[in-house]
2 protein chains.
Amino acid sequence: MNRTILIADDETRMRILVADFLEQAGYNTIEAKNGEEALSLYGKHPDIDLLILDVMMPLMNGWEVCHAIRDYSKVPIIMLTAKNTETDELTGFQKGADEYITKPFSPMILVARVNALIKRTYMDKQVYSKGLLLVDYNRISVTVDHVPVELSQTEYRLLTFFIENEQQVISREQLLNHIWGMDYFGTDRTVDTHINRLRMKLLAAGTYIQTVRGHGYKYEVK
Amino acid sequence: MNRTILIADDETRMRILVADFLEQAGYNTIEAKNGEEALSLYGKHPDIDLLILDVMMPLMNGWEVCHAIRDYSKVPIIMLTAKNTETDELTGFQKGADEYITKPFSPMILVARVNALIKRTYMDKQVYSKGLLLVDYNRISVTVDHVPVELSQTEYRLLTFFIENEQQVISREQLLNHIWGMDYFGTDRTVDTHINRLRMKLLAAGTYIQTVRGHGYKYEVK
DNA sequence: GCCTATTATCACAGTTATGTCACAACTATC
DNA sequence: GATAGTTGTGACATAACTGTGATAATAGGC
């Protein structure tokens with residue numbers, strides 16, 4: 001799938017240069033010649049995957065555009081800043097961008113940064129999030145209410161199995177089969193203990209794993 | 001950010017002259033009065049951004065210093081050579097420098113060349129910095145909390161591979177494949193040992209490499 | 001409210017994964 | 001070919017995880 005990138009710069013030559021390189025790298029591009037146009041275009045094309053904003057632009061400068069978009073979107077933004085020393089100290093307002101590239105820059109660098117940022121943003125999004133719970137399958141990490149939680153392998157597999165079967169009642173036997181293996185002969189107590197440990201570690205989200213008396217357990221976010 | 005330049009020349013007058021001009025141009029300078037001192041100073045100050053080496057120096061001549069530094073660093077080097085015709089043909093040994101300036105030269109020329117070289121080198125500067133850790137891909141150097149850290153090749157490759165895959169869990173098998181090669185059959189203990197050595201050398205930043213029990217390791221700056 | 005079946009909790013010992021160390025083999029350099 | 005640095009490996013230590021039975025707590029039926 002080709003990603004689409006909005007390039008906002010008032011210098012036509014620069015815009016075309018950047019657009020050319022990005023298109024050669026396989027991206028679709030949309031150009032804006034001032035801040036207002038950039039904002040308006042992004043509003044009309046919510047499928048834009050990344051924005052490159054020059055700081056110095058008429059009507060609205062890059063920071064203002066960045067700020068306005070950040071109010072409602074987490075789309076990745078790269079700022080093109082002047083090379084002077086002021087860029088070192090970012091004021092409170094001058095935040096919210098994902099990358100900063102100082103002019104002058106080589107087009108190769110720009111493309112490399114864009115590639116990296118796109119990858120970071122879109123490729124690695126295997127994340128489950130519901131209620132207080134967040135599971136990142138790439139990092140094999142779990143957080144509850146933004147607090148990292150360390151799970152053992154069995155606990156992690158239990159949790160992900162529950163998530164895959166949200167709202168379904170799962171018997172201890174099913175769990176023994178899926179988590180421990182078909183040929184494993186564990187006791188119900190084994191399951192109980194691991195469920196217990198998992199609930200403990202999940203803190204407030206522990207209540208998501210409910211006991212269904214006589215049948216097993218059920219994962220449900222209330 | 002001000003760049004730092006090391007000037008190595010045995011003639012005090014020349015050293016001061018060059019240093020003055022460079023400082024007026026906004027650089028920090030460090031002076032060495034012979035080759036050995038130059039090499040030692042560069043070792044102690046891995047933040048030096050460019051070296052100017054006179055060829056004719058006591059203890060170690062400029063080429064020897066250049067050669068020694070090139071073994072482990074890609075830092076830009078300007079050689080000051082005598083004006084005789086021999087300099088036209090560079091022998092195999094007389095390589096590795098980025099610029100050659102023949103004496104006598106005008107200070108203006110020197111500053112211009114320095115500016116150009118600095119720009120050329122660091123415009124595409126590839127530096128990774130996060131938390132206590134700083135990796136300079138150009139120099140192939142690593143510092144932790146501003147303290148230079150010496151890594152072996154395997155350790156360096158491990159670290160950079162982790163950085164490229166920040167926050168991702170990487171299995172021992174993946175590491176063996178990427179760092180040691182597809183057809184390599186190492187044991188898990190090999191990986192563990194190198195991870196261990198890397199963590200040790202990274203001092204406080206060693207905790208950035210986390211063990212994910214049952215899966216491998218993960219690089220993450222907390 | 002009592003009884004019983006079911007589930008929760010706990011401590012402990014067995015198991016497994018990882019950390020650490022020493023050493024010999026290897027490499028590059030002089 | 002001597003030297004210092006690097007590397008891979010196995011042995012062992014350490015830490016983390018796991019399963020189990022004993023016991024406590026609980027829910028639901030009566």
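Please read all numbers here as calculations on a predicted model, not as lab measurements. Letters A, B, ... mirror the listed sequences (proteins, then strands); counts begin at 1.
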Would you say [N] has OP1 or OP2 under 4.0 Å from some side-chain N or O of [X]?
X      : N      : value
B:Y217 : C:dG19 : yes
B:W180 : D:dT7  : no
B:T211 : C:dT18 : no

Rounded to the nearest angstrom, tell me the gap between atom [atom1] in [X] and atom [atom2] in [N].
X      : N      : atom1 : atom2 : value
B:L175 : C:dT18 : CG    : P     : 12 Å
B:Q153 : C:dC26 : CD    : P     : 18 Å
A:E150 : D:dA16 : CD    : C1'   : 11 Å
B:H215 : D:dC17 : NE2   : P     : 12 Å
A:L158 : D:dT18 : CG    : C1'   : 12 Å
A:R157 : D:dC17 : CZ    : P     : 13 Å
B:Q210 : D:dA16 : CD    : P     : 14 Å
B:D188 : C:dG19 : CG    : P     : 11 Å

More than 12 non-hydrogen atoms from neighbouring residues, nucleotides or ligands closer than 6.0 Å to CD on A:E164, yes or no? yes
Does some side-chain heavy atom of [Y] sit less than 4.5 Å from a side-chain heavy atom of [X]?
X      : Y      : value
B:L39  : B:M60  : yes
B:I179 : B:V191 : no
B:D49  : B:I5   : no
A:T160 : A:Y128 : no

Check DNA chain D against residues 162-171 of chain A and give the residues with a non-hydrogen atom under 4.0 Å, in numerical order. none
In residues 189-201 of chain B, which residues come under 4.0 Å of DNA chain D by heavy atom? B:R189, B:T190, B:T193, B:H194, B:R197
When you check the side-chain N and O atoms of A:Y217 and A:R172, is any donor under 3.5 Å from an acceptor? yes
Measure the CG-CD1 distance between B:L151 and B:I140 for me, rounded to the nearest 0.5 Å. 11.0 Å
When the nearest nucleotide of DNA chain D is assigned to B:S152 and to B:R213 on a heavy-atom basis, which residue is associated with the more 5' position? B:S152
One pair to check against side-chain contact (heavy atoms from CB on, under 4.5 Å): B:I69 and B:I77. What are the steps and the verdict? CA-CA 9 Å; B:I69 287 175; B:I77 297 178; 4.2 Å; yes
Are the side chain of B:R3 and the backbone N or O of B:L50 linked by a donor-acceptor pair below 3.5 Å? no
